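Scroll down for the structure; my scribbles are underneath it.
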Amino acid sequence: MLKAKVKNEKWKLAVPVPYFLLHFSVSCLTSPLVWEKLFDAGARLGLPAVSRKQARKAFKNLIKELKHCKGTVLLEVQAKDGTGVRIKL
């Protein structure tokens with residue numbers, strides 16, 4: 001499970017994100033309709049074209065490997081005003 005925590009001087013917020021939600025978001029992002037819209041915009045920016053099936057397989061493999069790295073901190077940022085964001089597996 002991915003855990004996102006946001007801390008401020010006044011409040012704290014913790015958002016747990018289960019892996020099935022990550023799988024669902026990959027399925028949505030690599031759906032034919034969304035993929036077409038993404039790469040229409042990407043083609044204008046000069047990004048290389050990637051196969052939808054290859055991208056889906058790569059994202060699924062990435063999530064599968066992330067499950068083996070529990071406790072790893074993916075992102076930890078602290079602002080000068082005391083606001084902090086931490087994303088941990």
Side-chain angles (χ1 to χ4, degrees):
M1 180 172 302
L2 191 87
K3 297 173 186 170
K5 293 182 181 180
V6 180
K7 286 196 284 186
N8 195 345
E9 293 175 359
K10 299 177 183 176
W11 48 268
K12 293 181 185 180
L13 176 68
V15 180
V17 181
Y19 286 113
F20 81 87
L21 223 75
L22 293 175
H23 283 288
F24 179 72
S25 62
V26 165
S27 297
C28 289
L29 283 175
T30 56
S31 68
L33 179 66
V34 175
W35 195 255
E36 182 181 315
K37 298 291 182 186
L38 284 174
F39 278 98
D40 283 347
R44 289 187 298 238
L45 297 174
L47 297 175
V50 177
S51 168
R52 182 177 66 87
K53 289 181 181 180
Q54 289 176 339
R56 178 177 277 187
K57 187 175 180 182
F59 283 129
K60 297 273 183 178
N61 286 338
L62 176 66
I63 293 170
K64 182 179 175 183
E65 290 302 318
L66 286 176
K67 288 181 182 180
H68 299 296
C69 303
K70 293 186 182 206
T72 304
V73 177
L74 297 177
L75 175 74
E76 189 167 10
V77 179
Q78 189 77 23
K80 290 181 181 178
D81 65 351
T83 304
V85 176
R86 184 176 190 181
I87 300 177
K88 184 177 178 182
L89 293 175

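None of the values given here were measured: they were computed from a predicted structure.
- Of all non-hydrogen atoms in Ser27 and Arg56, the two that sit nearest each other are O-NH2, 3.2 Å.
- Across every non-hydrogen atom of Trp35 and Leu29, the tightest pair is CE3-O, 3.5 Å.
- Listed here is the closest heavy atom pair of Tyr19 and Ile63: CD2-CG2, 4.0 Å.
- A 4.5 Å side-chain heavy-atom check between Leu2 and Leu74 finds at least one atom pair inside the cut-off.
- Between the side chain of Gln54 and the backbone N or O of Ala58, no donor-acceptor pair lies under 3.5 Å.
- The two atoms that bring Lys5 and Ala14 nearest to each other are CG-CB, 4.2 Å, heavy atoms only.
- Nearest heavy-atom pair, Ile87 versus Ala4, reported as atom, atom and distance to 0.1 Å: CG1-CB, 4.3 Å.
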- Kindly determine whether Val17 and Val15 satisfy side chain to side chain contact (heavy atoms under 4.5 Å, CB included), including the steps that lead there. CA-CA 6 Å; Val17 181; Val15 180; 4.3 Å; yes
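- Residues Leu33 and Val26 do not share a hydrophobic cluster, defined by chaining ILVMFWY side chains whose heavy atoms lie under 4.5 Å apart.
- Here the shortest heavy-atom pairing between Pro16 and Met1 reads CB-SD, 3.4 Å.
- With rounding to the nearest 0.5 Å, the separation of NZ in Lys3 from NZ in Lys70 is 8.5 Å.
- Looking only at distances, no side-chain donor or acceptor of Thr83 sits under 3.5 Å from a matching main-chain atom of Ala79.
- When hydrophobic clusters are built by joining Ile, Leu, Val, Met, Phe, Trp and Tyr residues whose side-chain heavy atoms come closer than 4.5 Å, directly or via intermediates, Leu89 is grouped together with Leu21.
- Taking 4.5 Å as the limit, some side-chain heavy atom of Arg86 sits within range of a side-chain heavy atom of Val73.
- In this structure, Lys60 and Lys64 have side chains that are not in contact, with every pair of non-hydrogen atoms separated by 4.5 Å or more.
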